[in-house]
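In what follows, a single structure is set out as structure tokens and then discussed.
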Amino acid sequence: MNPRIGPHLISIEDLDRAGIERILDRAESFAEVAGREIKKVPALRGRTIVNLFYEASTRTSSSFELAAKRLSADVVSIRSAGSSVDKGESLKDTVQTLSAYDPAAIVIRSPHAGAAQLVAGWTPAAVINAGDGKHEHPTQALLDTFTLRRRLGALDGTRIWIVGDVLHSRVARSNILALQRMGAQVTVCGPPTLIPREIEALGCDATSSLHRLHEADVVYVLRMQNERMRDSFVPSLREYAQRYQITAARLKPGQLLMQPGPVNRGIELSADAIDSPAALIGEQVKAGVAVRMAVLYELLVGSPILAVAA
Ligand code: ASP
């Protein structure tokens with residue numbers, strides 16, 4: 001059997017477990033390429049990838065760019081600052097303009113939920129959602145799943161707590177879907193004002209207390225996403241930190257700690273937790289390139305498994 005993914009990756013809902021596993025298996029072979037002196041394979045030679053970033057990004061934009069280059073694609077990276085978007089050009093016009101270069105894929109990050117889906121209707125290219133407002137960030141969830149699978153093996157029955165600002169987090173939504181598809185049990189935890197009401201409909205548990213945190217195998221911490229908050233959701237960041245900050249003392253031996261970055265040191269995470277051996281944060285970043293290579297490869301080349309040869 002050969003499960004296919006695509007034509008786009010807008011949401012984790014586009015993938016069943018077999019599709020996720022296929023991407024993760026492919027990412028394993030690309031992780032091996034990262035260990036070589038020449039970190040390049042010819043899989044996308046002669047094809048063009050456009051990265052379109054309308055919102056701040058360090059890890060996602062750099063790893064998509066590196067992923068496309070390591071697959072030998074030609075890459076055009078556009079950020080809203082300094083582009084014609086600054087001059088008022090609409091997303092639709094920008095996408096149609098860039099489609100004139102006949103890109104194989106457009107990677108889009110936008111502050112607006114649903115933007116990637118719209119882009120998919122305006123271009124013949126494969127569209128990859130690199131984060132659309134509060135909606136989804138599927139490649140983050142895939143790289144997190146990859147990182148955990150590497151560390152723990154199969155995730156069936158693994159208990160994962162996602163702690164913090166769930167309400168504004170596209171990472172939480174994509175991870176709840178992806179980790180559950182891989183057999184994990186997910187609990188979200190945070191102040192009631194930062195837990196969406198309907199979240200349990202996604203199949204996870206919800207709590208506002210860290211009392212049972214010791215039950216978790218993995219503690220996945222979210223950033224307070226102040227840029228998306230229109231109201232005051234917590235009395236103060238100091239109080240938030242007192243109740244919900246994950247510190248080395250709050251972690252029990254053997255628990256793993258994850259965070260998608262960027263980290264607000266001293267708010268959702270203490271310095272001693274970030275620097276503790278429990279933290280997989282560096283491994284998450286590293287996984288970003290291999291997993292995004294795998295997503296580009298699966299969308300644009302697909303089977304058979306042949307292009308990974310040196
Ligand atoms: N980098 C992640 C995102 O773009 C998480 C965050 O910003 O807190 O959603």
Side-chain angles (χ1 to χ4, degrees), residues 10-17 20 55 109-118 129-142 144-145 148 155 157-246 250 257-264 267-269:
I10 309 289
S11 160
I12 290 293
E13 301 200 42
D14 299 340
L15 299 170
D16 56 12
R17 181 172 178 154
I20 293 175
E55 203 189 50
R109 165 164 294 189
S110 163
H112 303 296
Q117 186 68 61
L118 284 174
N129 182 5
D132 61 334
K134 294 191 287 184
H135 176 228
E136 277 222 42
H137 193 353
T139 59
Q140 177 71 47
L142 290 168
D144 292 331
T145 308
L148 273 181
L155 299 186
T158 302
R159 290 160 304 174
I160 300 173
W161 276 50
I162 299 180
V163 181
D165 178 5
V166 180
L167 182 67
H168 299 98
S169 177
R170 54 196 177 206
V171 171
R173 201 181 143 73
S174 292
N175 260 312
I176 291 167
L177 295 171
L179 294 167
Q180 290 187 149
R181 266 178 206 188
M182 296 300 287
Q185 292 166 21
V186 179
T187 300
V188 297
C189 175
T193 47
L194 290 175
I195 303 286
R197 267 179 227 278
E198 75 290 4
I199 195 80
E200 280 140 321
L202 295 179
C204 56
D205 290 330
T207 172
S208 58
S209 160
L210 288 181
H211 282 131
R212 291 189 299 110
L213 188 72
H214 60 272
E215 293 174 4
D217 301 304
V218 179
V219 180
Y220 192 110
V221 178
L222 300 170
R223 183 173 64 88
M224 286 293 271
Q225 287 151 91
N226 297 310
E227 77 277 15
R228 296 204 183 98
M229 294 187 193
R230 281 191 209 96
D231 300 308
S232 179
F233 286 85
V234 290
S236 72
L237 283 179
R238 201 161 148 237
E239 195 167 313
Y240 175 83
Q242 258 166 17
R243 290 204 53 192
Y244 293 100
Q245 184 183 91
I246 300 300
R250 278 184 168 151
L257 175 66
M258 301 177 83
Q259 209 273 6
V263 175
N264 290 322
I267 298 182
E268 68 270 358
L269 270 178

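Residues take their numbers from the sequence shown, with the count starting at 1.
- Checked by atom type and distance alone, the side chain of Asp132 never pairs as donor or acceptor with a backbone atom of Ser110 at under 3.5 Å.
- Between Leu269 and Gln259 the shortest heavy-atom distance is CD1-CG, 3.7 Å.
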Would you please test Ser174 and Gln140 for side-chain contact (heavy atoms from CB on, under 4.5 Å) and show each step?
CA-CA 8 Å; Ser174 292; Gln140 177 71 47; over 6 Å; no

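- Residues Met224 and Ile267 come closest through the heavy atom pair CG-CG2, 4.1 Å.
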Residues 183-195 side chain polar contacts: donor-acceptor under 3.5 Å, at least two apart:
unit_1	atom_1	unit_2	atom_2	d
Thr193	OG1	Phe233	O	2.6

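- Ser209 and Trp161 make their closest contact through O-CZ3, 3.6 Å (heavy atoms, listed as atom of the first residue, atom of the second, distance).
- The backbone N or O of Leu15 sits less than 3.5 Å from a side-chain atom of Arg181, completing a donor-acceptor pair.
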Between Asn175 and Ile160, does a side-chain contact (heavy atoms from CB on, under 4.5 Å) hold up when you go through it step by step?
CA-CA 10 Å; Asn175 260 312; Ile160 300 173; over 6 Å; no

Where do Arg170 and Asn129 land on the side-chain contact (heavy atoms from CB on, under 4.5 Å) test, with the steps shown first?
CA-CA 11 Å; Arg170 54 196 177 206; Asn129 182 5; over 6 Å; no

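- Side chain of Gln117 to backbone of Ile10: no donor-acceptor contact under 3.5 angstrom is found.
- Scanning both residues, Tyr240 and Gly164, for their nearest heavy atoms gives OH-CA, 3.1 Å.
- The number of heavy atoms from other shown groups lying within 6.0 Å of CZ (Arg243) does not exceed 12.
- Using modelled atom types, no side-chain atom of Glu268 and backbone atom of Asp165 make a donor-acceptor pair closer than 3.5 Å.
- Residue pairs that meet the ring pair (Phe, Tyr, Trp, His ring centres under 6.0 Å) test with at least one member in residues 191-216, sequence neighbours left out, do not exist here.
- Annotation: side chain of Ile199 is in contact with side chain of Ile176 (closest heavy-atom distance under 4.5 Å).
- Here Leu142 contributes atom CG and His137 contributes atom NE2; the two are 10.5 Å apart, rounded to the nearest 0.5 Å.
- Looking at Arg173, its side chain never comes within 3.5 Å of a backbone N or O of Lys134 through a donor-acceptor pair.
- The CE atom of Met182 sits 10.5 Å away from atom CD1 of Ile12, with the distance rounded to the nearest 0.5 Å.
- By the 4.5 Å heavy-atom criterion applied to side chains, Arg250 and Val219 are not counted as neighbours.
- Closest non-hydrogen pair, Ser11 versus Glu13, comes out as OG-N, 2.8 Å.
- In this structure, Arg109 contributes its side chain and Ala130 its backbone to a donor-acceptor pair below 3.5 Å.
- Between the OG1 atom of Thr207 and the CG atom of Leu213 there is a distance of 10.0 Å, given to the nearest 0.5 Å.
- With hydrogens and angles disregarded, no donor-acceptor distance shorter than 3.5 Å links the side chain of Tyr244 to the backbone of Leu210.
- Pairs engaging residues 201-226 under the salt bridge (charged side-chain N to carboxylate O under 4.0 Å, His left out) rule: Arg159-Asp217, Arg212-Glu215, Arg223-Glu227 [sequence neighbours left out].
- In this structure, Leu118 CG and His112 NE2 are separated by 10.5 Å, a value rounded to the nearest 0.5 Å.
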The test is side-chain contact (heavy atoms from CB on, under 4.5 Å); show your working for Met258 and Leu148 and say whether it passes.
CA-CA 9 Å; Met258 301 177 83; Leu148 273 181; 3.6 Å; yes

